[in-house]
Amino acid sequence: MSFVKVSREADIVYHFDENGVARVPILTGECKDCELERVAIQPGCDWTPDIYKLEEHNQIFLFMDGEGYVRTPREVFNIDEVAVFVPEFDKEKFTIHCSPSSKNPLKVLHAVSEIAEYDLNCLRHSRMSLPRFRRLSEAWLYKEFNTAENVKQLTLLEHRNLGRLSMGGTIDQGPTKVGTHIHNELEQWYIVLPGSEFTYYAEHEGERDEIHVTGGDITFTPHSSHHGSWCEEGEAYKYIWFELCTDGYPGDLA
C-alpha cells in the first residue's frame, strides 16, 4: 500500500446544497493534527465558515480556481488568482463569495488544524498580522540548494509566524526537477494547480512511491520521508506546498 496518499480531482463529486456550496472531506485521518476539505462555491453564491478561538483551531483557506472575494467587517479581498486567506481567529466573521461572472465555481482547500502548546507560544509571542490575504504573485521568493536553476520558489505563510503552519509554492516549466530532500519535522501536502503536471516521488522506511499528478490533485506525505519531483518536456510545475511542523520548529522563539 502506498504511504503517499492522493486525493484525485477526477474522483471528487460535489453535491451542492441550497446555498450553492459543496464540501468534501479529503485525506481524512492521515494527519492527526489537521483535517482538510475541498469546498466549491457556485457563481453568485456565498459561504460563511465557522470561526474558532485562538485556543481551539487555526485555519487557512487556499483559493485554487475561480474568482470572487473575501469580505470581513473591515476589508474586502479580491480573489483574482491563486491566493491564501487566514482569518483572525474569532475576532470577526467573514464571508467568501464566488463572483457571478466566474467561469467556474470557486474552488477552495480548507485546512483546520489543532492548536498545540507550541502554537500558543508562537502566536502569543509574535505572529503575522491577521487577517492575512496574499496572492501567489505577491509571495516572497526564496531558493533551496536542491532545485534546478530556473525553479521559482515562493513563500505565502512564513514558518513559525503562524505557529506550526507554513505555505509556499513552486513554479517552473519542464524539463526540470526538485532534488531529493527530507523534512524530519514536517507533515507535507502538495496542492497541484490547474495547468500543472509532474512526477512526485518519496521514500519512507524502505518503501518508494512514484506518483504522476495533474491539476487539482492533492498529495500527503508523512514527516521523515525523502522526496523530490521531476517535470518532463511539455509538463509544468505549479503547485502549492502546505506544511505542519509536528512538534514545532527547533530552536528558541526569542
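Since we're looking at a predicted model, the values are computed, not measured. Hydrogens, waters and symmetry mates are skipped; everything else that's a heavy atom, side chains included, is used.
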Do [X] and [Y] have side chains that get closer than 4.5 Å, going by heavy atoms?
| X | Y | result |
| --- | --- | --- |
| Ile171 | Leu193 | no |
| Met167 | Arg134 | no |
| Val112 | Asp50 | no |
| Glu187 | Glu30 | no |
| Leu156 | Glu138 | no |
| Val178 | Asp172 | no |
| Pro87 | Gln59 | yes |

Shortest non-hydrogen contact between [X] and [Y], atoms and distance:
| X | Y | answer |
| --- | --- | --- |
| Leu123 | Asn58 | CD1-ND2, 4.3 Å |
| Cys31 | Trp189 | CB-CZ2, 3.7 Å |
| Pro100 | Pro43 | O-CB, 3.9 Å |
| Pro49 | Ile96 | CG-CD1, 4.2 Å |
| Leu162 | Leu157 | CD2-CD1, 4.2 Å |
| Cys34 | Phe242 | SG-CE2, 4.1 Å |

Electrostatic pair [X]:[Y] at N-O distance under 4.0 angstrom:
| X | Y | value |
| --- | --- | --- |
| Glu55 | Arg124 | yes |
| Glu114 | Lys32 | no |
| Arg135 | Asp80 | yes |

* Taking the six-membered ring for Trp and the full ring for Phe, Tyr or His, determine whether the centres of His226 and His181 are under 6.0 Å apart. =>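 Here the rings of His181 and His226 have centres that are no less than 6.0 Å from each other.
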* Asked: Does the ring center of His204 lie less than 6.0 Å from the ring center of His227?
  ->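 No, too far apart.
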Quick check for you: to the nearest 0.5 Å, what is the distance between [X] atom [atom1] and [Y] atom [atom2]?
| X | Y | atom1 | atom2 | result |
| --- | --- | --- | --- | --- |
| Ile41 | Arg23 | CD1 | CZ | 10.0 Å |
| Ile218 | Tyr190 | CD1 | OH | 14.0 Å |
| Trp241 | Ser166 | CH2 | OG | 4.5 Å |
| Ser224 | His183 | OG | NE2 | 11.0 Å |
| Glu235 | Thr176 | CD | OG1 | 11.5 Å |
| Leu106 | Asp65 | CG | CG | 8.0 Å |

Measure from the side-chain N and O atoms of [X] to the backbone N and O of [Y], and report whether any donor-acceptor pair falls under 3.5 Å.
| X | Y | value |
| --- | --- | --- |
| Glu81 | Ser137 | yes |
| Asp217 | Thr214 | yes |
| Asp209 | Phe3 | yes |
| Asn19 | Val21 | no |
| Ser102 | Ser99 | no |
| Thr155 | Glu158 | no |
| Lys143 | Val151 | yes |

What is the ring orientation for [X] with [Y], classed by angle as parallel under 30°, tilted 30 to 60°, or perpendicular over 60°?
| X | Y | value |
| --- | --- | --- |
| Tyr237 | Phe198 | perpendicular |
| Phe133 | Phe85 | tilted |
| Trp47 | Phe61 | perpendicular |

* Go through Lys53 and Glu56 one step at a time and tell me if the salt bridge (charged side-chain N to carboxylate O under 4.0 Å, His left out) criterion holds. => CA-CA 5 Å; Lys53 296 179 180 179; Glu56 292 179 325; 5.4 Å; no
Modelled atom types, side-chain donor and acceptor of [X] and [Y], under 3.5 Å:
| X | Y | answer |
| --- | --- | --- |
| His223 | Gln188 | no |
| Tyr200 | Thr221 | yes |
| Ser113 | Arg164 | no |

* **side-chain hydrogen bond (donor to acceptor under 3.5 Å, both in side chains) evaluation trace for Glu35 with His110** => CA-CA 8 Å; Glu35 293 293 337; His110 179 213; over 6 Å; no
* To do: For the pair Leu54 and Leu120, evaluate side chain to side chain contact (heavy atoms under 4.5 Å, CB included) and give the outcome as yes or no after the intermediate values.
  => CA-CA 8 Å; Leu54 177 80; Leu120 287 176; 4.3 Å; yes
* Applying side chain to side chain contact (heavy atoms under 4.5 Å, CB included), run through Lys152 and Leu141 and close with a yes or a no. => CA-CA 7 Å; Lys152 183 184 289 186; Leu141 297 176; 3.6 Å; yes
* Asked: Which residue, Lys93, Arg132, Arg74, forms the salt bridge (charged side-chain N to carboxylate O under 4.0 Å, His left out) with Glu88?
  ->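 Only one of Lys93, Arg132, Arg74 forms a salt bridge (charged side-chain N to carboxylate O under 4.0 Å, His left out) with Glu88, namely Arg74.
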